[in-house]
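Working notes, beginning with the structure itself.
Atom set for the values below is all heavy atoms of this structure, side chains included, hydrogens, waters and symmetry mates excluded. Just so we're clear, the structure is a prediction, and the values are computed from it rather than from any experiment. Here is the naming used below: chain letters follow the sequence lines, and residue numbers restart at 1 for every chain.
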Protein chains: 2
Amino acid sequence: MSVSKNPDACPVSILMSLLSGPWTMYILWVLCNSGPTRFGALKHLVEGISTKVLTERLRMLEAAEIIYRQYEPTVPPQVTYGLTKRGQELIEILHQLNALAERWYGSQQREHSNSNI
Amino acid sequence: MSVSKNPDACPVSILMSLLSGPWTMYILWVLCNSGPTRFGALKHLVEGISTKVLTERLRMLEAAEIIYRQYEPTVPPQVTYGLTKRGQELIEILHQLNALAERWYGSQQREHSNSNI
DNA sequence: CGGAATCCCGCAGGATACTG
DNA sequence: CAGTATCCTGCGGGATTCCG
């Protein structure tokens, strides 16, 4: 999923194309609120997502160094995902975007009212 | 194109879903750099976009009050698009995102080096 | 448990033609 | 000039099955 198809995409477009796809923001939001989380738990928290897409998004975010992947070769194996430093930086700006969005659309309180992204 | 398919999408997801689609950010970038621009000019500046998608994006951004549409019923008609106050606010945050992106990916200078979004 | 592989399908986006 | 209308296609995402 691309934000811009132009060859001369600016850096922010690269970033946006990372965040654009379905589920991506939600995954970050969950990782932000729940802290480091294992794959299975993530799949439950991000309700309705398929393993395929979850895996794709995690790989993508990992490649972008926005999240990290910690693999423990136990049996059964344990894989934990969490926000990196970059992830934290990104989240901060997303908070600003969220503040803007709430001013525009009004901040309807929802069930999970603990600071959304 | 949706960012999150969850019913309880947070405001920032609403915003992101607006910005997510192909071309959208690029259109905003052009409007930011070129100021108010007519449809035809926009279609040339955003090279490669189809009239269908350009129209869709403009309608979407207009509905979100991020851009305005000024119609002059002359013959031939003139329609000019530009950033609204909201559009300016949004651009400011996108600049921050861009700054982040440049730090991460390095700021390769490109042909149009006048302040990207 | 944490995926990879495979198949399938809807719909977003491209191309083209036409209009007030 | 600034769009609509129509048709067509690719591919992104869902569901399912299998593996170390």
Quick one: bend of the helix from C:dC1-D:dG20 to C:dG20-D:dC1 from 5 pairs per end, to 10°?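 Inter-axis angle at the termini of the helix from C:dC1-D:dG20 to C:dG20-D:dC1: 50°.
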Taking [Y]'s backbone N and O only, do any of them form a donor-acceptor pair with [X]'s side chain (distance below 3.5 Å, no angle check)?
X	Y	value
A:Ser17	A:Ile14	yes
A:Ser50	A:Gly48	no
B:Thr84	B:Tyr68	no

Phosphate OP1/OP2 of [N] contacted by [X] side-chain N/O (<4.0 Å):
X	N	value
B:Arg57	C:dA12	no
B:Tyr71	C:dG20	no
A:Arg38	C:dG2	yes
A:Trp23	D:dG14	yes

Between the protein and nucleotides 4-6 of chain D, list the N/O to N/O atom pairs that are separated by less than 3.5 angstrom.
from, atom 1, to, atom 2, distance (Å)
D:dT4, OP1, B:Arg59, NH2, 3.0
D:dT4, O4, B:Thr51, OG1, 3.4

Can you name the nearest heavy-atom pair linking A:Leu19 to A:Thr24, along with the distance?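 Minimum heavy-atom contact is O-CB, 3.7 Å.
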Assess whether a salt bridge exists between A:Arg103 and B:Glu89, defined as any Lys/Arg side-chain N lying under 4.0 Å from an Asp/Glu carboxylate O.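 Salt bridge: yes.
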B:Met60 and A:Trp104: same hydrophobic cluster, using ILVMFWY side-chain contacts below 4.5 Å?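 Looking at the clustering, A:Trp104 is in the same group as B:Met60.
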Of A:Glu56 and A:Pro77, whose nearest nucleotide on DNA chain D comes first from the 5' end? A:Glu56
